[in-house]
Amino acid sequence: MHRDMMPSFELLQPAKLVDALSLLDRRGKDIWKMAGGNDSLDWFKDRVKRPKAVMDLGGIAELKGIRETADGIEIGALTTLAEIANSPVIQSKFKVLAEAAGRVASPQIRNVSTIGGNVSQDARCWYYRSGLNCYRAGGNTCFADTPAGMNREHAIFDASRCIAVSPSDTAPALLVLEAKMVIKTAKAERVVDAEKYFVGPALDITHMTILKPEELLVAIRIPSKWAGAKFYFEKVADRNTWDFALVNVASALKVTNGTIEAARVACGGVACTPRFIKVVEEVVKGGKQDEETAALAGQSAVHGARPVNYNQFKVPLMENLVKRAIRDAA
Ligand SMILES: Cc1cc2nc3c(=O)[nH]c(=O)nc-3n(C[C@H](O)[C@H](O)[C@H](O)COP(=O)(O)OP(=O)(O)OC[C@H]3O[C@@H](n4cnc5c(N)ncnc54)[C@H](O)[C@@H]3O)c2cc1C
Ligand code: SF4
């Protein structure tokens with residue numbers, strides 16, 4: 001691994017969104033978008049990805065900050081995770097997102113990492129990050145999905161040739177809050193449900209999101225629908241300092257007199273996309289927020305899991321996290 005010097009690239013530093021979009025419109029295929037750089041710079045330093053041009057989005061003020069809107073909040077894609085974790089409005093209305101952002105990596109990384117980068121980051125599979133020519137890198141094999149492969153961190157659902165997982169801690173929180181992703185090109189805007197932002201390998205094995213080269217994620221909208229609900233976030237990692245989740249869970253519950261009227265639960269680290277667990281919504285609706293309902297939710301959440309050699313522990317781990325996400329949401 002050559003960590004001495006990055007290969008050279010053309011550096012683009014637009015100060016306005018309109019200029020960034022115009023550059024992407026003309027030269028999108030050659031441009032790597034860079035926000036905080038915490039994922040990007042690793043790729044460049046390891047010389048695994050060698051873009052012709054890098055667009056540093058850091059100077060675009062329009063993409064930063066948290067705004068209250070008529071129906072909820074809008075978070076600029078370049079807002080840092082630290083700002084989200086410490087935001088009074090997010091802490092009071094959408095605590096699950098503040099907690100998830102606050103559990104990413106370390107304080108130093110959260111100070112520069114952005115929410116846009118967190119949901120658009122690439123897979124962390126060791127083989128792929130090392131520059132091996134696996135399916136995700138355009139090759140014709142998966143090094144992790146072999147009897148002796150290092151697949152402890154990998155998927156237990158929805159694998160399709162690639163078994164890497166979605167590593168984002170904020171993505172499950174955004175899914176339960178029914179967030180919308182605002183995507184722009186020089187010519188148009190589209191708004192997609194957070195769930196549809198992420199793509200699995202069956203659809204596109206070389207990308208983790210639906211973004212096209214000419215598109216930029218500009219903001220994330222969170223509707224007020226779940227404001228003030230009961231929430232839960234938990235992340236289990238090998239180390240309690242900076243580390244990626246083995247499994248994480250986020251939930252939002254509406255409970256009246258102890259009865260669950262509505263619930264949303266999502267997990268990261270278990271599939272190539274953050275996994276919204278629809279069946280839990282149906283299993284817990286109308287039930288009491290208690291041990292029994294929570295146990296049923298956990299069991300149903302892992303139904304159909306297909307672990308590989310070294311990640312079988314993820315099945316009971318996910319079951320217990322979902323159980324706690326129902327029982328202990330507050
Ligand atoms: C040591 C270390 C520990 C980490 N631990 C965690 C962890 O515990 N949990 C976790 O979730 N993540 C973790 N990460 C991963 C990741 O770096 C951070 O989550 C971070 O949020 C990435 O944000 P960034 O702005 O620095 O991303 P960048 O590196 O700037 O971007 C990441 C990717 O997103 C794309 N992108 C960025 N912004 C946009 C945009 N607005 N529109 C379109 N595409 C965009 C870039 O092109 C790039 O592909 C860790 C990273 C490191 C280096
Ligand atoms: S799990 Fe995916 S990223 Fe990892 S080696 Fe296999 S194909 Fe490549």
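Counting convention: from 1, in listed order, for ligands and their atoms alike. Residue numbers start at 1 and run along the sequence shown.
- Looking from atom 4 (Fe) of ligand 2 to the surrounding protein, the closest heavy atom is C125 SG, 2.3 Å.
- Shortest contact from atom 6 (Fe) of ligand 2 to any protein heavy atom: C142 SG, 2.3 Å.
- With atom 35 (C) of ligand 1 as the reference point, the heavy atom nearest to it among G58, S120, A77 is part of S120.
- Note on ligand 1: D122 sits outside its first shell, no heavy atom being nearer than 4.0 Å.
- C162 lies close to atom 2 (Fe) of ligand 2, since one of its N, O or S atoms is found at a distance under 2.8 Å.
- There is no side-chain donor-acceptor pair under 3.5 Å between Y135 and T206.
- Residue contacts with ligand 1 for S106 are absent, since no atom lies close enough (heavy atoms, distance under 4.0 Å).
- Distance from atom 8 (Fe) of ligand 2 to its nearest protein heavy atom, with residue and atom name: C134 SG, 2.3 Å.
- When the heavy atoms of T114, I31, V104 are ranked by distance to atom 25 (O) of ligand 1, first place goes to T114.
- Of all the heavy atoms of T170, none lies under 4.0 Å from any atom of ligand 1, so neither backbone nor side chain is involved.
- In terms of polar-atom proximity, defined here as any N/O pair under 3.5 Å, R124 makes no such contact with ligand 1.
- Between K187 and D25 a salt bridge is recorded (basic side-chain N to carboxylate O distance below 4.0 Å).
- Atoms of ligand 1 lying under 4.0 Å from any heavy atom of S168, numbered from 1 in the order shown and given with element: 11 (O).
- Y128 CB, 3.4 Å is the protein heavy atom nearest to atom 3 (S) of ligand 2.
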